[in-house]
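Take a look at the structure below.
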4 protein chains.
Amino acid sequence: MLVSFDFQSDIPLYMQLRNQVVIGIAQGKLLPGEQLPTIRALAEESGINMMTVSKAYQLLKQEGYILTDRRSGTVVAPRQKGVISEETIHGLRVLLSELQVSGLSEKEVLTVCRKLYQEGTK
Amino acid sequence: MLVSFDFQSDIPLYMQLRNQVVIGIAQGKLLPGEQLPTIRALAEESGINMMTVSKAYQLLKQEGYILTDRRSGTVVAPRQKGVISEETIHGLRVLLSELQVSGLSEKEVLTVCRKLYQEGTK
Amino acid sequence: MLVSFDFQSDIPLYMQLRNQVVIGIAQGKLLPGEQLPTIRALAEESGINMMTVSKAYQLLKQEGYILTDRRSGTVVAPRQKGVISEETIHGLRVLLSELQVSGLSEKEVLTVCRKLYQEGTK
Amino acid sequence: MLVSFDFQSDIPLYMQLRNQVVIGIAQGKLLPGEQLPTIRALAEESGINMMTVSKAYQLLKQEGYILTDRRSGTVVAPRQKGVISEETIHGLRVLLSELQVSGLSEKEVLTVCRKLYQEGTK
DNA sequence: GTGGTCTAGACCACA
DNA sequence: GTGGTCTAGACCACG
């Protein structure tokens, strides 16, 4: 699991990190129970501030993606059926609208989504 | 075409407006050539500032969703096959990962996407 | 001499008209003494407001490109060595800087300028 | 890098600032990677509003001249061959036509352009 | 009456 | 301390 950052992006660094962890879990690169790097380690190796890493970890914890284990530090949470947040659905609605307005048919859009989902299964 | 804002959301107002216009175009509630409310009118009826509306309009213009005719104000741009931006794909990858980690199967995810796309066709 | 307008441009219509007349004179499509269409005629055939045409004509007159002849209406002024305005030089400096920053060498920039100048001699 | 504004000019302040930055980059007074003054600092020292500076910076960012690094603020973008915009060429055509109508020969015009380009190389 | 520009403040998210 | 966002006004260019 490698993390990388685009310092010019308009997405905050802590959110970029959070997104990479979520994608990593989906792709199976991060397995339930697997230990995440310590805040200090991750901050040092990627050149970002410890507070930024901390903020990302806190968010991920709150969203249920990771949890703090007393013995082994921060680990990936066991998979469990979670609720789909309203924000996720709303974000999806916006992005799918963008694709639709760009001229993609329903079939084409579903093909894109299937491809992206399967990327997640790799 | 009605607009509404969530003043508690962490999504900036101008982006909320931009998103509603994009969704409106996808849903056919805003037709190509149709005139959008003037900046002042929209600002007044929705209780947000003129410059905030202006910012949203400028973003939409830059993205090719609308254009301002020097004679007739701001109108919805004619539909044309556009390029899919890298950001759209990246955002989609993140959201689909969230769904996947929440335990949704490929089939279920595609069902959600189809439903949302068809909402756009209404 | 045909005029055409881009109603979506950020250049005002009266300035677009003014520019087309200047280019037309440079290209020899408008000869000294040649009569320009009346304000009303030009406005009607091109679908813009009479006030807009009037504003362009007034600007062109003030800049010495055209003059009002008592007998024949508005005509192209006789060519004469004019002063180069400070704004022209400043505008040129900005545009040449843009080309330079885009990576064009002095030779390439001069080639572009020569080509554009010779277009004017057609 | 000093900035100065002509408050009587009909060129908007944000555009005057944008132009000065472009010229500064061309002249090598602003080097790739060099940090630009913060929005607040520039606004204060030049007596214009923060939002006006912000608007100029956003335009420059969009045009690829500068970029904002989430850690180190706003810096000059690394030079790279860019595309020449259609507007630049059109603007050049207008200005060269003005020179031509003023009576400058091709040789004289190219001399002017060479001089201005080399000013940029200083 | 339209959009564009600008001001002088304020608050917040980010790092 | 940085840029991003927002407000409530104002003035102007354009058509």
### Message
Can you work out whether D/R70 or D/M15 has the more 5'-proximal nearest nucleotide on DNA chain E?
### Response
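Upstream on the strand: D/M15.
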### Message
Taking the nucleotide of DNA chain E with the nearest heavy atom to each, does D/I11 or A/L13 sit closer to the 5' end?
### Response
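With D/I11 and A/L13 compared, the 5'-side residue is D/I11.
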### Task
Would you please say whether a donor-acceptor pair under 3.5 Å links the side chains of A/Q35 and A/S72?
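Per modelled atom types, A/Q35 and A/S72 side chains form no pair under 3.5 Å.
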### Message
Hydrogens and angles aside, do D/K81 and C/S102 bring a side-chain donor and acceptor to less than 3.5 Å of each other?
### Response
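The answer is no; no qualifying pair exists.
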side-chain N/O [X] vs [N] OP1/OP2, d < 4.0 Å:
{"X": "D/T74", "N": "F/dG3", "value": "yes"}
{"X": "D/S72", "N": "F/dT2", "value": "no"}
{"X": "A/Y14", "N": "E/dA15", "value": "no"}

### Task
By nearest nucleotide on DNA chain F, pick out whichever of D/T38 and C/K55 is the more 5' one.
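The 5'-side residue here is D/T38.
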### Query
Which sits closer to the 5' end of DNA chain F, B/R71 or B/N49, going by the nucleotide each is nearest to?
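Checking each residue's closest nucleotide, the 5'-ward one belongs to B/N49.
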### Partner nucleotide, any strand, of E/dC14 [Watson-Crick/G-U, under 3.5 Å]
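In the structure as shown, E/dC14 has F/dG1 as its Watson-Crick or wobble partner.
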### Query
Going through the checks in order, is the salt bridge (Lys or Arg N to Asp or Glu O under 4.0 Å) test met by C/R18 and D/E98?
CA-CA 11 Å; C/R18 177 266 185 196; D/E98 291 179 16; 2.9 Å; yes
### Query
Per the side chain to side chain contact (heavy atoms under 4.5 Å, CB included) rule, which among D/I66, D/T38, D/I39, D/D69 passes with D/T74?
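When side chain to side chain contact (heavy atoms under 4.5 Å, CB included) is applied between D/T74 and each of D/I66, D/T38, D/I39, D/D69, only D/I66 qualifies.
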